[in-house]
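Let me begin by presenting the structure, written as structure tokens, before commenting on it.
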Amino acid sequence: MSKRFKDKTCVYCAAAPSTTAGDHVFAREFFIDVRRGNLPKVPACEACNNEKSRLEHYLTAVLPFGGRHADSTKNLSTLVAPRLAKNARLHNELNAGQGQIWSREGGLIVPVRTLPVDGEKIGRLFEFITKALLWHHWKVILEPGRHGLWSGFLSPVGVQVHRSFFAMNGNARVSANLGEGTFTYEGLQGTDIPEMSVWLFSMYGGMKLRGDPQTPNEECSMIGGVSATREGLAKFLRLLDPELQPAAQARAAG
């Protein structure tokens, strides 16, 4: 067992020492077996690792249903099916929540099956992932109380806001493709404050989600992540959605 993470500071809570094993930034269970090579790992304490694992246990069983990736069928049959067979409660919840919507696919409007997903859990997982990538690429750990964090699915306007920041100068940039497109992401680090960053994520070839009560027909496929000073985060979130800001700011500060 590798000891490279022993006694390092946990990148998630910035307080407790890491376990010897550390934590995979992107859970191996999101990927089919042949796509699991060279996944990044970071120092993480046992408590944070366990909290992140609970989110991953739920999301690795649900998100592949929205996959548009070439591995989607194999993922569902070899990974998701066994997980749901062991989790009757989640299996029943997904069955009960099935629905149908009309969606544009390749220029055609076609019926598409839908399943419920907890957006708060997606946002929380990608807050963990944003913190992890800050350390993985630039060895930066956010300071509790001083820095804020937000992550969640982006509306088309939100994607434009993120893209506008990527058009600016930054201290460093990164882009990655993991598992032949299972996860792709790009990140930009701020010029003057190393803890400031903007991220765009895509999963399984670009999942489609909708369900915002204010824009029920609007589809989302990109996930955003932002780290900044608390004041900088508040300004950024006002650009995304003035009505989103108070709730998102509270979650980020927590």
Side-chain angles (χ1 to χ4, degrees), residues 8-16 18 22-27 40-45 47-56 59 118-155 158-159 161-166 168 170-174 176 183 185-203 220 222-254:
K8 296 285 183 67
T9 301
C10 173
V11 302
Y12 301 129
C13 67
S18 169
D23 175 62
H24 281 101
V25 179
F26 302 93
K41 295 181 72 176
V42 297
C45 70
C48 289
N49 205 331
N50 289 340
E51 181 183 353
K52 182 167 173 277
S53 293
R54 285 190 288 271
L55 295 168
E56 291 164 343
L59 293 171
D118 189 331
E120 285 294 318
K121 290 182 178 178
I122 295 174
R124 181 61 180 147
L125 176 62
F126 276 86
E127 287 175 3
F128 276 110
I129 289 173
T130 297
K131 287 182 179 181
L133 291 178
L134 269 172
W135 186 89
H136 174 67
H137 289 292
W138 303 311
K139 297 301 182 284
V140 170
I141 296 180
L142 299 181
E143 298 178 27
R146 181 185 173 196
H147 298 111
L149 185 71
W150 177 86
S151 185
F153 271 95
L154 296 172
S155 68
V159 173
V161 171
H162 278 64
R163 291 288 184 200
S164 69
F165 277 84
F166 280 103
M168 300 178 183
N171 182 58
R173 297 173 183 269
V174 64
F183 272 89
Y185 66 86
E186 53 186 314
L188 174 72
Q189 185 185 31
T191 302
D192 300 320
I193 303 175
E195 294 86 359
M196 295 183 69
S197 65
V198 181
W199 302 84
L200 276 172
F201 303 94
S202 178
M203 297 179 62
C220 306
M222 299 292 291
I223 299 169
V226 180
S227 66
T229 62
R230 295 182 65 177
E231 295 79 8
L233 181 66
K235 293 177 181 178
F236 190 95
L237 292 174
R238 280 197 292 269
L239 294 175
L240 294 183
D241 184 347
E243 295 185 7
L244 171 67
Q245 183 215 344
Q249 190 174 12
R251 186 176 70 194

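The basis for the numbers below is simple: all heavy atoms, side chains too, and nothing from hydrogens, waters or symmetry mates.
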Measure the spacing between [atom1] of [X] and [atom2] of [Y] and express it to the nearest 0.5 Å.
X    : Y    : atom1 : atom2 : answer
D192 : N171 : CG    : CG    : 9.0 Å
S18  : D23  : OG    : CG    : 8.5 Å
L134 : K139 : CG    : NZ    : 11.5 Å
L188 : M196 : CG    : CE    : 10.0 Å

With F128 as reference, evaluate L149, L55, N49, L133 under the side-chain contact (heavy atoms from CB on, under 4.5 Å) test and give the passing residue. L55
Against L142, only a single residue in C13, S197, S227 fulfils side-chain contact (heavy atoms from CB on, under 4.5 Å); can you say which? S227
Does the side chain of [X] reach to within under 4.5 Å of the side chain of [Y], using non-hydrogen atoms?
X    : Y    : result
Y185 : F126 : no
V161 : L154 : no
L125 : E56  : yes
R163 : L200 : yes

Checking [X] side chain against [Y] main chain: does a donor-acceptor pair fall under 3.5 Å?
X    : Y    : value
T9   : A15  : no
K52  : I129 : no
K131 : Y12  : yes

Minimum heavy-atom distance F26-P40, with the two atoms named: CD1-CG, 4.2 Å
Which one of F201, F236, W199, F153 satisfies the ring pair (Phe, Tyr, Trp, His ring centres under 6.0 Å) criterion with H162? F236
For E143, is there an ion pair with R230 - N to carboxylate O distance below 4.0 angstrom? no
Assess the residue pair R124 and E127 against the criterion (salt bridge (Lys or Arg N to Asp or Glu O under 4.0 Å)); give the C-alpha distance rounded to whole Å, side-chain angles, the decisive distance to 0.1 Å, and a yes or no. CA-CA 5 Å; R124 181 61 180 147; E127 287 175 3; 3.1 Å; yes
